[in-house]
Amino acid sequence: MNLPADPVFYSVATLAIVLVGLAKGGFAGLGAASIPMLALVMDPVRAAAMLLPILMVQDVVSVWAFRTSYDARTLGWMLPGAMVGIGLGWWFAASVSADAIRAAVGVVAVGFGGYRLIRYQPKSGRMLPQWIGSVWGGVAGFTSQIAHAGGPPFQVWAMSRGFSHTVFIGTAAIFFAIINWMKVPAYVALGQFTWDNMQLTIVFLPIAILSTLAGVQLVKRIDPDRFFGIISVLMVAVGVALLYAAVT
């Protein structure tokens with residue numbers, strides 16, 4: 001196997017993959033920190049392509065668990081916008097340099113990390129017009145394509161709908177499972193599904209599965225607010241580091 005030898009790479013990548021697993025295990029949204037972290041030690045587009053099959057494997061479990069708890073209308077409004085956003089994300093990644101993509105990922109990380117730190121929550125009693133769901137779906141598709149960070153845009157709109165906890169989680173699980181499949185042609189077109197990349201996927205997949213199972217247990221014992229606060233600060237710090245690396 002043709003794998004990197006740098007121990008720093010494996011340390012950072014392992015932490016990023018653990019965050020992805022914890023996100024799927026119940027700490028929804030932690031996965032947004034994974035690509036910014038990976039972009040510090042590898043090409044950001046390659047990092048996203050390496051991570052995509054892992055996300056798709058985990059989607060099978062989450063969709064099965066919440067297959068009867070979802071809002072079809074939300075999916076109907078958001079998915080067309082997400083398709084457009086994914087197309088724009090593909091065009092962006094194909095048109096600019098790796099440093100420009102690092103800068104974009106850095107902006108996403110700082111923006112979403114800051115969003116969580118100020119703890120903005122849309123009021124569930126104030127229903128936004130349904131067509132806005134397509135706009136937020138587009139934002140989610142774009143940020144998901146370049147950084148697998150579609151969670152916060154999805155939450156901004158979906159949380160305004162007043163869903164129960166299970167319907168919210170189930171709708172999110174199905175939404176991201178579908179758009180992860182939508183992203184496959186884009187990464188094929190970018191030439192990122194190489195054997196070298198898939199070897200990394202194989203290496204990190206067991207870690208992702210184990211951390212998902214750990215997340216299921218930890219979410220019952222750890223205060224999520226405190227945990228998210230730490231990760232949000234980390235996201236902002238990593239985002240700033242990516243922006244610095246991109247401009248220098």
Side-chain angles (χ1 to χ4, degrees), residues 23-24 28-32 34-36 44-45 48-49 51-52 55-56 58-59 62-63 66-96 101 104-105 107-116 118-190 235:
K24 293 292 185 179
L30 285 187
S34 59
I35 293 300
V45 178
L51 190 58
L52 182 57
L55 296 175
M56 294 171 72
Q58 293 171 319
D59 285 338
S62 57
V63 169
F66 295 98
R67 64 191 181 280
T68 60
S69 301
Y70 65 93
D71 183 72
R73 183 171 295 181
T74 295
L75 297 175
W77 278 103
M78 296 196 78
L79 285 171
M83 184 178 296
V84 174
I86 290 168
L88 291 174
W90 164 79
W91 172 82
F92 179 77
S95 304
V96 302
I101 297 174
V105 173
V107 169
V108 170
V110 172
F112 290 170
Y115 159 82
R116 287 173 177 162
I118 64 176
R119 300 178 61 80
Y120 168 73
Q121 297 289 346
K123 295 181 179 179
S124 59
R126 181 184 166 201
M127 299 288 281
L128 298 173
Q130 293 188 358
W131 64 266
I132 294 181
S134 295
V135 177
W136 282 111
V139 177
F142 181 82
T143 56
S144 186
Q145 173 64 32
I146 65 171
H148 295 317
F154 173 85
Q155 292 166 8
V156 168
W157 193 72
M159 288 181 68
S160 73
R161 313 311 292 173
F163 296 140
S164 67
H165 182 64
T166 55
V167 170
F168 178 85
I169 295 177
T171 304
I174 295 173
F175 176 76
F176 287 109
I178 293 173
I179 69 171
N180 281 339
W181 278 100
M182 289 181 180
K183 289 185 287 188
V184 170
Y187 283 110
V188 170
L190 291 169
M235 281 187 69

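What you see below is based on every heavy atom in this structure, not just the backbone, and it leaves out hydrogens, waters and symmetry mates.
Residues forming a side-chain contact (heavy atoms from CB on, under 4.5 Å) with Val96 (at least two apart in sequence, or on another chain): Phe92, Ala100, Ile101. Shown here are the side-chain contact (heavy atoms from CB on, under 4.5 Å) partners of Val110, two or more places apart in sequence or in another chain: Val240, Leu243. Listed by chain and number, the residues in a side chain to side chain donor-acceptor pair (under 3.5 Å) with Trp90 amount to none (sequence neighbours excluded). With sequence neighbours excluded, the residues forming a side chain to side chain donor-acceptor pair (under 3.5 Å) with Gln58 are Thr212, listed by chain and number. Qualifying side-chain contact (heavy atoms from CB on, under 4.5 Å) partners for Ala49, counting only residues two or more places apart in sequence or in other chains: Tyr187, Gln192, Phe193, Asn197.
Nearest heavy-atom pair, Ile146 versus Ala104, reported as atom, atom and distance to 0.1 Å: CD1-CB, 4.1 Å. For the pair Ala93 and Val45, the tightest heavy-atom approach, listed with the atom from each and the gap, is CB-CG2, 4.3 Å. Taking all atoms of both residues into account, the shortest heavy-atom contact from Ile35 to Pro44 is CG2-O, 4.5 Å. The heavy-atom pair separating Leu51 from Ser34 by the smallest distance is CD2-OG, 3.4 Å. Gly133 approaches Met78 most closely through the heavy-atom pair O-CG, 3.5 Å. The two residues Gly150 and Thr143 make their nearest non-hydrogen contact at CA-OG1, 3.6 Å.
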Hey, can you pull the donor-acceptor pairs under 3.5 Å for the side chains in residues 168-183, sequence neighbours left out?
residue: Thr171; atom: OG1; partner: Asp71; partner atom: N; Å: 2.9
residue: Thr171; atom: OG1; partner: Val167; partner atom: O; Å: 2.7
residue: Asn180; atom: OD1; partner: Lys183; partner atom: NZ; Å: 2.9
residue: Asn180; atom: ND2; partner: Asp59; partner atom: OD2; Å: 2.7
residue: Asn180; atom: ND2; partner: Phe176; partner atom: O; Å: 3.1
residue: Lys183; atom: NZ; partner: Ser144; partner atom: O; Å: 3.3
residue: Lys183; atom: NZ; partner: Ser144; partner atom: OG; Å: 2.7
residue: Lys183; atom: NZ; partner: His148; partner atom: ND1; Å: 2.8

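Considering CH2 of Trp131 and CH2 of Trp77, their distance stands at 9.5 Å, rounded to 0.5 Å.
Here the side chains of Trp157 and Thr74 are in contact, with some heavy-atom distance below 4.5 Å.
Heavy-atom neighbours of Arg73 CZ from other residues, nucleotides or ligands within 6.0 Å: at or below the threshold of 12.
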